[in-house]
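Working notes for the structure below.
Along the sequence shown, the residues carry numbers beginning at 1. Below, each value reflects all heavy atoms present in this structure, side chains not excepted, and no hydrogens, waters or symmetry copies. Counting starts at 1 for both ligands and their atoms, in listed order.
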Amino acid sequence: MTTGSLLAADLVIAVLAAAGWLGGGAASAARRRPLTLGLAAFALLATLARAITIIALARAGWWFAAEKVLIAAPLSLAAVGVAVPRLLRASGDIRSVAVPLLFAGYATSSALLVTILHGYPASAGVGLLAVAGVVAATAVSWRALGARPSRTVSRATLVVAVAALVTGTGLTVAPDGAPAVPHDHGYRDARTVGVGEPTRRFTLTAGTATVSVSGRDVAAWAFNAQVPGPELTATVGDVVEVTLRNRDIERGVTLHWHGYDVPNSQDGVPGVTQAAVLPGQEFVYRFRADQAGTYWYHTHSVSDVGVRMGLYGVLVVRPGPMTGLDVTVPVHTLGGRPLPAPRTERVEAGTPVRLRLINTDSTTHRYALAGTAFRVAAIDGFDLRGPTPLVDTAVLIPAGGRYDLVFDAPATPVALLVDERAVYSTGSVSTATGAWPVLDPLTYGVASPVPWSRFDRKFTLVLDRGLDLHELLPRYAHTVNGAADPDIPPQVVRLGDVVRFTIVNRSQTVHPWHLHGHHVLVLSRDGKPAAGSPLWLDSFDVRPGEVWEVAFRADNPGMWANHCHNLAHADAGMTLHLMYS
Ligand SMILES: [Cu+2]
């Protein structure tokens with residue numbers, strides 16, 4: 001069982017336990033004896049089962065097991081300790097166990113609410129609030145059911161409630177008075193690269209458009225009226241110069257070169273490296289193509305909406321003249337329908353083929369290449385060391401990620417399937433790929449030693465969900481270290497530092513992590529060192545419960561976005577910044 005599925009199981013069992021206790025309480029209030037005993041027995045079993053899931057989570061190395069032990073376990077113990085003896089003594093009126101059973105239900109529910117609503121980091125104030133809620137609800141039930149709470153219980157409630165109110169107000173203040181990110185609005189001029197050098201010039205005009213996707217017209221936002229936008233290609237050493245114009249995208253556009261470690265002023269993040277380009281305006285991007293590989297570009301202005309609506313395209317930088325067949329496959333979901341449209345072409349046997357797979361959606365896609373052995377030559381634009389041939393193996397590409405698959409065309413047809421849908425083929429192939437094993441890039445290829453023995457800076461990022469009360473309207477935000485954008489403190493580094501990030505996912509959803517301006521080297525996942533080819537990534541999925549350690553050298557000064565590439569999550573708080581001092 002993965003940590004993610006253990007977490008899900010633990011959540012379901014906790015909900016069942018709470019429902020069982022509350023249902024039992026209601027049944028006993030209604031004097032339904034057999035139903036009461038049945039529900040209470042069920043709740044007891046579920047509460048005991050949680051002990052098993054919590055122990056399993058601790059053994060799986062889940063970072064927050066201690067927190068479950070501190071919050072869920074005492075409340076569950078209190079629930080069982082109060083409810084069970086009363087049940088055993090309830091020989092007469094079953095109604096007498098109503099309050100103890102309801103107390104057990106409130107205790108279990110409040111632990112659940114702390115987990116779901118508050119998230120990380122748990123604090124004493126939150127714990128007290130939870131206890132106060134339980135005591136207050138119990139007191140109210142007591143009264144409603146016609147019994148008077150004892151004077152001791154009433155006084156205890158009052159004391160706990162006041163203490164919780166005092167400490168709990170700390171909740172509405174940022175954890176350490178985190179300052180908003182001091183965005184640099186004195187945008188630097190575009191670097192003066194490219195004078196007298198070979199230059200590849202492109203113009204991209206953003207505008208609303210109607211595009212046809214599998215025979216249906218879809219309202220889109222498009223570069224040059226096409227989705228994806230034009231494919232930009234260059235050769236290493238070229239200067240790339242792209243003029244971005246905005247025709248009528250009211251919310252503004254920019255160009256972010258995903259995975260391309262451009263100078264900060266060219267990174268295309270509105271409010272951080274430039275102002276959004278509004279209708280009628282233009283902006284010229286210029287950078288030297290010094291890294292070969294598969295990349296993509298997309299708007300970073302209201303990026304969740306903008307990218308989903310179609311403002312993206314492919315950027316390919318080749319090391320030299322093209323040899324063999326080079327196919328780009330940018331996968332996207334537009335208006336609920338998958339792109340690209342399926343394509344079939346005949347390829348002569350023996351032709352070297354490179355499939356450049358790009359995931360431009362906000363969630364992971366599964367890719368399977370049937371009919372040939374292949375190698376994964378590169379991930380996120382960086383060549384792998386010693387990739388071995390793979391057969392009948394699928395790859396999972398995170399949001400924003402790229403894999404280059406290479407093979408020599410066999411005499412028989414091959415087909416590339418994305419989530420079981422054929423998108424590219426050289427003829428008819430009928431293979432079921434759904435049961436194929438998935439490649440783990442951390443064990444693929446040939447290892448080489450980590451280039452650093454010490455780290456100048458170490459940061460921990462706990463990815464989670466929680467109530468964010470700092471905005472005008474409270475929201476259920478995606479958080480980093482308990483805060484949501486713009487309240488997450490920036491991570492400050494100096495030029496030349498070797499920086500280590502430990503990224504921990506405490507939530508129930510996958511977070512594809514993406515640091516701008518740098519590729520990070522994967523050190524370990526869940527405590528196991530990466531054992532394959534060095535992996536220099538710009539996009540990687542941190543699944544529920546996982547812990548990733550990655551490192552990089554701070555060699556590209558500026559203010560860089562560092563965010564989840566599920567862009568809805570990024571918009572809902574999961575964005576912070578890396579800042580050079
Ligand atoms: Cu996310």
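Not one N, O or S atom of H478 sits under 2.8 Å from the Cu ion (ligand 1).
Of all N, O or S atoms in H511, the one lying closest to the Cu ion (ligand 1) is ND1. Distances from the Cu ion (ligand 1) to each N, O or S atom of H569 single out ND1 as the nearest.
A donor atom on one side chain and an acceptor atom on the other are found under 3.5 Å apart for H258 and H565.
In this pair, W62 and F64 present their aromatic rings perpendicular. The plane angle is above 60°, beyond the 30 to 60° band.
With D261 as the partner, the side-chain hydrogen bond (donor to acceptor under 3.5 Å, both in side chains) test is satisfied by one option alone out of H518, H519, H516: H519.
Taking CG of N246 as the reference point, atom CG of L278 lies at 7.0 Å (rounded to 0.5 Å).
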